[in-house]
Amino acid sequence: MIISLRDISYEGLKDKLTKDDKIVLWSCNTCIKFCGIGGYDNMVLLENMLTADGYDVIGKELVSIACMYSLTEQHRDNPDKSELFEEATTIICLACEDGYEIAEAVFKDKKVIKVVKTLGVGNFTMDRGPVLTAPFESTGLEQSDEGYSYPEIAEKLGLYPTFFSREEARDDSSENLVNININGSDYKVKENLTIMEACMEIGIEIPHLCSAPDLTPDANCRLCLVKVKGEKELVPACAVSVEDGMEIITEDDELNHNRRILLELELASHEHNCLTCHKGNPVIAGSCELQNLVRRFGIKESRFEQNNEELPIDTTSPVLLYDPNKCILCGRCVRACREIACQDNLGFVNRGSETVVAAGANKDFAESPCVTCLACVFACPTGAITEKVAHYTGEDWQEELIFQS
Amino acid sequence: MLVKDLATLEDIKNEVLEKGRFKKADKRVRVTVHMGTCGIASGAKDVLDTFKGLLKDSGNKDVKIDTTGCMGICSKEPLVTVEVVGQEPIIYEYVDIDKATEIFDTHIEGGKIVSKYAFARGRECEIEERLKGNGKVKSQEVLDDSIKGIEEIPYFSLQKRIVMRNRGVIDPFKIDDYIARDGYRAAYKALSEMDQGDIIETVSESGLRGRGGAGFPTGLKWRFASKAESDQKYIICNADEGDPGAYMDRSVLESDPHSVIEGMIIAGKAIGATRGYIYCRAEYPLAVEILNRAISQARRYGLLGEDIFGTGFDFDIAVYEGAGAFVCGEETALIKSIEGGRGNPRLKVPYPAEKGLFKEPTIIDNVETLANVAPIILNGSEWFAGIGTKKSKGTKVFSITGDIENVGCIEVPIGTPVRTVIEEMAICPEDGKKIKAVQLGGPSGGCLPLEYLDTPLDYEPLQELGTIMGSGGMIAIAEDKSAVDIARFFVKFCSDESCGKCLPCREGTRQMVNILDKICSGNGTKEDIDILEDLAHVVKKTALCGLGKTASNPVLSTLKYFRDEYEQIVE
């Protein structure tokens with residue numbers, strides 16, 4: 001992975017902006033995310049900070065891999081986003097210098113702002129996070145197998161080891177709050193949040209598999225269904241926004257019973273065998289969300305008939321492995337491919353219980369126009385799509401050093 | 001020729017009447033072969049060819065052969081109506097090549113009715129007149145009164161025809177026939193004399209509710225869409241009828257396509273839409289052909305296209321053929337399908353009336369709902385509101401099938417008891433088997449056991465009993481049929497037709513089928529019944545769209561009323 005560190009302070013960033021700028025945040029979702037700078041969360045954080053300080057952030061775009069010229073162009077030319085990019089005057093680029101240069105070339109007429117210095121190639125370690133092992137000559141650092149950790153580099157080169165901090169910006173008191181009641185307690189939360197986001201801010205976790213903060217909600221796993229007073233039917237927390245006076249129940253015997261049955265159905269749908277699973281290192285792509293939930297609900301086995309049909313595993317991609325037997329059809333990869341990668345290379349084929357995710361024109365990955373950007377890998381909640389280099393073979397050294405493309 | 005005013009409509013009407021379609025000026029006999037898909041399937045095409053051949057050979061010039069859509073009583077097909085000038089029309093049932101030859105020789109040429117093949121005397125559209133005239137219509141001579149008059153057959157006399165007003169009378173391939181039955185007058189009225197508000201008001205006051213199954217007030221839906229601001233709005237006619245045992249929409253489209261087109265024009269004016277789609281399933285090739293023909297005829301008259309009736313209102317319709325997925329009858333999946341995507345439902349909010357097809361305000365109405373619109377505009381909301389029950393107005397078309405004598409499409413006032421339909425109109429077979437339940441609403445519905453047969457056919461009362469009015473499929477189940485088998489059939493159907501998007505429907509229906517298979521094979525246990533019931537409740541509560549939410553209804557309703565049958569099998 002490419003190692004970059006922030007080289008600009010929040011004040012320095014603000015100096016480059018004016019209040020008239022129509023700002024779009026442009027954030028890469030690959031290496032720079034693991035450097036603690038890009039990705040979705042940091043983009044949202046920066047949006048909140050700038051908005052609180054009175055800047056006009058008109059949109060944000062998560063890009064699966066910002067150092068790919070054609071992909072960047074596709075994002076710009078996406079018909080759904082054409083208005084946004086037409087209006088924008090300023091792009092703040094949360095990507096490495098390579099990604100920045102491409103953004104600068106693609107958005108010729110706009111002010112593109114860089115926030116990092118790219119220093120070389122490195123690895124991701126379990127204990128020390130990202131480390132720089134092969135620095136560029138310009139840094140003046142020596143090659144090192146052990147690698148330089150972020151605090152070390154920051155000190156040596158006068159850079160910032162972490163992302164901007166929320167405290168640097170003003171508290172946003174102008175934000176509109178709504179009163180809601182969750183499980184009997186009253187809370188004040190920001191308006192326009194979904195029920196799930198509001199609960200997350202408060203610290204209540206609603207079980208879910210198909211929703212992810214950086215993707216549009218699809219409400220297909222039905223685990224996040226909650227009760228809202230006055231609604232006849234259960235409401236998907238991932239897709240419905242909070243309203244003033246809303247009374248929500250996120251957990252009771254009935255809801256948890258539904259969830260348990262749904263998880264049992266999921267377990268029976270395929271051979272979800274953790275022993276053969278490549279989900280691997282939780283630091284890179286998160287741990288298995290299905291396993292987490294099954295443990296959380298204390299499910300030992302499914303009461304339903306196990307489907308033992310084995311689907312062929314697709315190993316053809318140079319970077320990823322697709323095992324449809326581990327797939328729960330949450331569609332996160334499909335949405336990530338469309339929304340973050342701007343590719344639409346993944347989709348569903350067949351219907352009902354025969355449904356599977358397929359690449360391209362229902363071909364294997366190598367025969368599809370996959371750009372190997374890894375958007376689907378980071379989106380997958382289980383071990384269905386995994387990055388090949390992150391696979392464990394069981395050797396000790398792998399626990400310490402995880403090579404990331 | 002463009003039709004720009006009422007006078008032209010009137011001219012066409014008179015011309016049709018004049019030409020002898022009804023008065024038979026230069027013709028002596030009119031033979032009508034009823035050629036719905038049901039008729040064709042049972043041999044009407046051969047019958048038609050036979051008549052044509054015989055006529056050609058005989059050299060007769062005074063016989064006219066016509067075709068229409070389904071007459072409504074499909075189990076008697078092929079049906080042929082023979083009408084001699086000045087005499088009552090005679091309807092013949094179960095006609096085949098031999099019978100057709102005999103009818104041609106004896107009745108058409110010889111002037112004597114072949115009583116043994118006759119089903120009834122008279123014409124369905126004249127029933128009211130016949131009832132008033134004590135079984136007679138002025139200027140029609142009765143030759144053989146041993147044949148039942150059509151008004152004496154409860155199957156027909158108990159019906160109230162609004163949607164089916166033109167069935168069996170007009171040729172669906174001829175727009176003039178429709179105009180001769182006062183077609184497009186409502187569209188003229190709506191376009192030239194009423195504004196958007198008036199139309200919506202009239203439809204609201206009439207109390208018309210969506211006939212697709214949910215029963216949402218049509219006027220209200222139109223109001224939402226009319227208020228939505230956009231340059232482009234759409235009307236979609238949902239003709240993706242897919243419930244097993246339901247064929248009302250097909251029957252309407254095949255026998256009277258213009259009634260739907262006219263309804264769409266009026267709806268278009270009401271909400272300000274200029275573009276309409278008819279989403280018709282590809283399994284209805286005849287309906288698609290008839291619709292396309294009807295649309296091009298309407299265009300030729302300027303009844304579709306730009307500046308309709310010279311009012312400055314533009315509206316056009318395209319037929320979109322479905323690709324065979326049942327779930328595409330669900331509104332949001334249907335929209336996705338027209339957009340060219342995979343027909344998967346999405347969350348209902350935002351409603352299609354705000355953001356529907358191509359993200360523009362869209363209303364989606366069922367075939368039957370739209371066919372009701374023109375009569376409401378023409379006759380006024382009070383007339384319509386006078387039919388039906390307190391909460392639900394008008395009529396409902398049901399396609400009745402199963403273990404009964406008379407299979408076909410019937411249109412009865414809402415609120416008619418199920419018993420009337422089953423016992424008086426459909427008639428239980430005479431081999432002694434009793435009906436034990438009636439399945440309403442296809443795979444989304446539930447069954448209604450014998451003891452509830454007096455329930456009125458209305459949205460709410462049926463819902464209270466665990467079944468639904470649905471789109472109008474009604475299947476009578478005889479006492480020797482297993483309720484478990486029926487539940488399994490419908491759940492299997494839903495499982496096959498699930499789009500696979502949401503977990504409860506995708507996996508839940510599969511597991512319900514697994515459990516029902518196990519029970520039916522005799523290997524089930526009492527615990528299996530409990531698990532099945534539990535699962536069915538969870539699927540109902542958690543599924544994403546209407547298909548999944550209702551997929552367990554057949555299981556739940558059979559468990560409710562016929563649990564003993566389940567228990568007998570597992571013991």
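Below, read A as the first sequence line, B as the second, and so on, with proteins coming before strands; counting in each chain starts at 1.
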Legend entry - Partner of E233(A) by salt bridge (Lys or Arg N to Asp or Glu O under 4.0 Å), out of K540(B), K541(B), K549(B): K549(B)

Legend entry - Q511(B) side chain reached by R303(A) side chain, heavy atoms, under 4.5 Å: no

Legend entry - Per-residue contact mode, P236(A) against chain B (heavy atom under 4.5 angstrom): side chain

Inset, instruction - Give, for atom CG of N220(A) and atom SG of C545(B), the distance between the pair rounded to the nearest 0.5 Å. - result: 12.0 Å

Inset, instruction - Counting only heavy atoms closer than 4.5 Å, note whether V334(A) contacts chain B via side chain, backbone, both or neither. - result: neither

Legend entry - Minimum heavy-atom distance T542(B)-N258(A), with the two atoms named: CG2-ND2, 3.8 Å

Inset, instruction - Counting only heavy atoms closer than 4.5 Å, note whether L262(A) contacts chain B via side chain, backbone, both or neither. - result: both

Legend entry - Minimum side-chain heavy-atom gap R510(B)-N307(A) below 4.5 Å: yes

Legend entry - Side chains of L347(B) and V240(A) in contact at under 4.5 Å (non-hydrogen atoms): no

Inset, instruction - Enter the distance from C210(A):SG to K501(B):NZ here, rounded to the nearest 0.5 Å. - result: 8.5 Å

Inset, instruction - Calculate, to the nearest 0.5 Å, the distance between atoms OG and CG belonging to S269(A) and L503(B) respectively. - result: 7.5 Å

Legend entry - Residues, nucleotides or ligands: over 12 heavy atoms within 6.0 Å of N273(A) CG: yes

Legend entry - More than 12 heavy atoms of other groups within 6.0 Å of E367(A) CD: yes

Inset, instruction - For residues D80(A) and K359(B), determine if any side-chain heavy atom of one lies less than 4.5 Å from a side-chain heavy atom of the other. - result: yes

Legend entry - R506(B) (side chain) donor-acceptor with G352(A) (main chain) under 3.5 angstrom: no

Inset, instruction - Give a yes or no on this: more than 12 heavy atoms of other residues, nucleotides or ligands lie within 6.0 Å of atom OH of Y351(B). - result: no

Legend entry - By side chain to side chain contact (heavy atoms under 4.5 Å, CB included) - contacts of S211(A) (at least two apart): M196(A), H208(A), C238(A)

Legend entry - Side chain, backbone, both or neither of E254(A) within contact of chain B (heavy atoms, under 4.5 Å): side chain

Legend entry - Region of I261(A) in contact with chain B, defined by heavy-atom distances below 4.5 Å: side chain

Legend entry - CG-CZ distance between N344(B) and F348(A), expressed to the nearest 0.5 angstrom: 7.5 Å

Inset, instruction - May I ask you to check whether H257(A) and D534(B) show a side-chain donor-acceptor distance below 3.5 Å? - result: yes

Inset, instruction - Find the one option among H537(B), E527(B), E507(B) whose heavy-atom pairs under 4.5 Å with chain A are most numerous. - result: E507(B)

Inset, instruction - Using a strict 4.0 Å threshold on nitrogen-to-oxygen distance, state whether D496(B) and R351(A) make a salt bridge. - result: no

Inset, instruction - Determine whether more than 12 heavy atoms belonging to other residues, nucleotides or ligands lie under 6.0 Å from atom NZ of K227(A). - result: yes

Legend entry - Most chain A-contacting option - heavy-atom pairs closer than 4.5 Å, from I531(B), V539(B), I515(B): I531(B)

Legend entry - Segment of L544(B) engaging chain A (4.5 angstrom heavy-atom cut-off): both

Inset, instruction - Select, from A543(B), S495(B), C505(B), the one with the greatest count of heavy-atom pairs under 4.5 Å involving chain A. - result: A543(B)

Inset, instruction - Under 4.5 Å heavy-atom distance to chain B, tell me which part of I328(A) shows up: side chain, backbone, both or neither. - result: backbone

Inset, instruction - Check whether more than 12 heavy atoms from other residues, nucleotides or ligands sit under 6.0 Å from atom CD of E567(B), and answer yes or no. - result: yes

Legend entry - L265(A) side, atom CG; M512(B) side, atom CE - distance, nearest 0.5 Å: 9.0 Å

Inset, instruction - Would you check if R260(A) and V538(B) make a side-chain contact, meaning some heavy-atom pair closer than 4.5 Å? - result: no

Inset, instruction - Verify the neighbour count for atom NZ of K355(B): are there more than 12 heavy atoms of other residues, nucleotides or ligands below 6.0 Å? - result: no

